[in-house]
Amino acid sequence: GENVEQHPSTLSVQEGDSAVIKCTYSDSASNYFPWYKQELGKGPQLIIDIRSNVGEKKDQRIAVTLNKTAKHFSLHITETQPEDSAVYFCAGTSGGSYIPTFGRGTSLIVHP
Amino acid sequence: KAGVTQTPRYLIKTRGQQVTLSCSPISGHRSVSWYQQTPGQGLQFLFEYFSETQRNKGNFPGRFSGRQFSNSRSEMNVSTLELGDSALYLCASSLVPSGGLNEQFFGPGTRLTVL
């Protein structure tokens with residue numbers, strides 16, 4: 001089955017800095033890669049996603065890049081703000097199983 | 001549009017008991033997926049229902065079951081509770097089946113504590 005590894009587990013940045021979270025996956029058949037933000041006491045919220053036929057996608061301060069050859073994808077947050085502090089999860093879904101596999105999460109802390 | 005709602009939000013049970021959790025998807029969404037979130041194992045897929053049929057199932061024992069009603073509302077049941085079943089149970093809805101391949105909207109979860 002799919003295996004998704006996420007790094008780092010904790011990321012501490014100053015307000016205004018950029019943050020990068022990386023994930024690798026094992027199943028070359030995986031073709032959908034969402035990123036979720038989970039705030040304390042809430043369920044995960046989709047913030048951006050990318051499909052395997054696209055190399056990069058951007059939405060305001062958030063971007064995701066995908067390298068299919070190396071089987072890794074990354075979340076980039078620019079001009080971080082304190083409200084970006086949360087746990088971020090990546091996921092990969094194989095087109096064969098339709099079952100999403102999640103990374104272990106990254107706790108992002110943005111210091112004012 | 002109202003989001004995904006889950007009831008109850010918190011639940012305390014003892015070992016050996018059974019529990020039923022409820023999920024109401026976003027209006028118009030016909031796919032409901034359930035996930036278990038624990039500090040040790042992270043977020044894990046339990047199963048997905050679409051049009052009252054189970055479409056996919058994760059690697060969980062048969063004590064975990066679910067169903068979906070004609071109005072797309074879903075319930076999951078855990079029988080013979082074990083201490084390790086303590087977790088946040090999340091429900092997610094999507095417009096189309098195979099939620100793992102499409103945008104999913106998560107509810108706030110039900111926090112289950114097994115004593």
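Naming: A, B, ... by sequence-line order, numbering from 1 per chain. Basis for what follows: all heavy atoms, side chains included, without hydrogens, waters or symmetry-related copies.
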Roughly how far, to the nearest 0.5 Å, is [atom2] of [Y] from [atom1] of [X]?
{"X": "A:Thr93", "Y": "B:Phe45", "atom1": "OG1", "atom2": "CZ", "value": "9.5 Å"}
{"X": "B:Leu88", "Y": "A:Gln38", "atom1": "CG", "atom2": "CD", "value": "7.0 Å"}
{"X": "B:Glu48", "Y": "A:Tyr98", "atom1": "CD", "atom2": "OH", "value": "10.5 Å"}

May I ask you to check whether over 12 heavy atoms, not counting those of [X], lie within 6.0 Å of atom [atom1]?
{"X": "B:Lys13", "atom1": "NZ", "answer": "yes"}
{"X": "A:Glu79", "atom1": "CD", "answer": "no"}
{"X": "A:Leu40", "atom1": "CG", "answer": "no"}
{"X": "B:Lys57", "atom1": "NZ", "answer": "yes"}

Check each atom of [X] against the heavy atoms of chain A and say whether the ones under 4.5 Å are side chain, backbone, both or neither.
{"X": "B:Leu43", "answer": "both"}
{"X": "B:Arg111", "answer": "neither"}
{"X": "B:Gln37", "answer": "side chain"}

Using the rule that Ile, Leu, Val, Met, Phe, Trp and Tyr join whenever any side-chain heavy atoms are under 4.5 Å apart, tell me whether [X] and [Y] fall into a single cluster.
{"X": "B:Leu21", "Y": "B:Phe106", "result": "no"}
{"X": "B:Phe50", "Y": "B:Phe64", "result": "no"}
{"X": "B:Phe105", "Y": "B:Val32", "result": "no"}
{"X": "A:Tyr32", "Y": "A:Trp35", "result": "no"}
{"X": "A:Phe89", "Y": "A:Ile99", "result": "yes"}

Next on the checklist: Given heavy-atom pairs under 4.5 angstrom as the criterion, report whether the side chain, backbone, both or neither of A:Phe33 touches chain B.
Outcome noted: neither
Checklist entry - Using non-hydrogen atoms only, which part of A:Pro34 is less than 4.5 Å away from chain B: side chain, backbone, both, or neither? => result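 The answer is neither part of A:Pro34.
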Next on the checklist: For B:Tyr35 versus A:Pro100, what's the shortest heavy-atom pair and its separation?
Outcome noted: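 Nearest heavy atoms, B:Tyr35 then A:Pro100: OH-CG, 3.2 Å.
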Item to check | side chain to side chain contact (heavy atoms under 4.5 Å, CB included) partners of B:Leu83, counting only residues at least two apart | outcome: B:Arg15, B:Val114
Item to check | Per-residue contacts, residues 101-112 of chain A versus chain B, heavy atoms under 4.5 Å | outcome: A:Phe102, A:Arg104
Next on the checklist: For residues 45-76 of chain A, give me every residue with a non-hydrogen atom less than 4.5 Å from any non-hydrogen atom of chain B.
Outcome noted: A:Leu46, A:Arg51
Checklist entry - Restricting to pairs with a member in residues 73-82 of chain B, which pass side-chain hydrogen bond (donor to acceptor under 3.5 Å, both in side chains), not counting sequence neighbours? => result B:Thr20-B:Asn77, B:Ser22-B:Arg73, B:Trp34-B:Ser74, B:Arg67-B:Glu75, B:Arg73-B:Glu75
Checklist entry - Among A:Gly41, A:Pro44, A:Ala91, A:Gly92, which has the most heavy-atom pairs under 4.5 Å with chain B? => result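 If we count pairs closer than 4.5 Å to chain B, A:Pro44 comes out on top.
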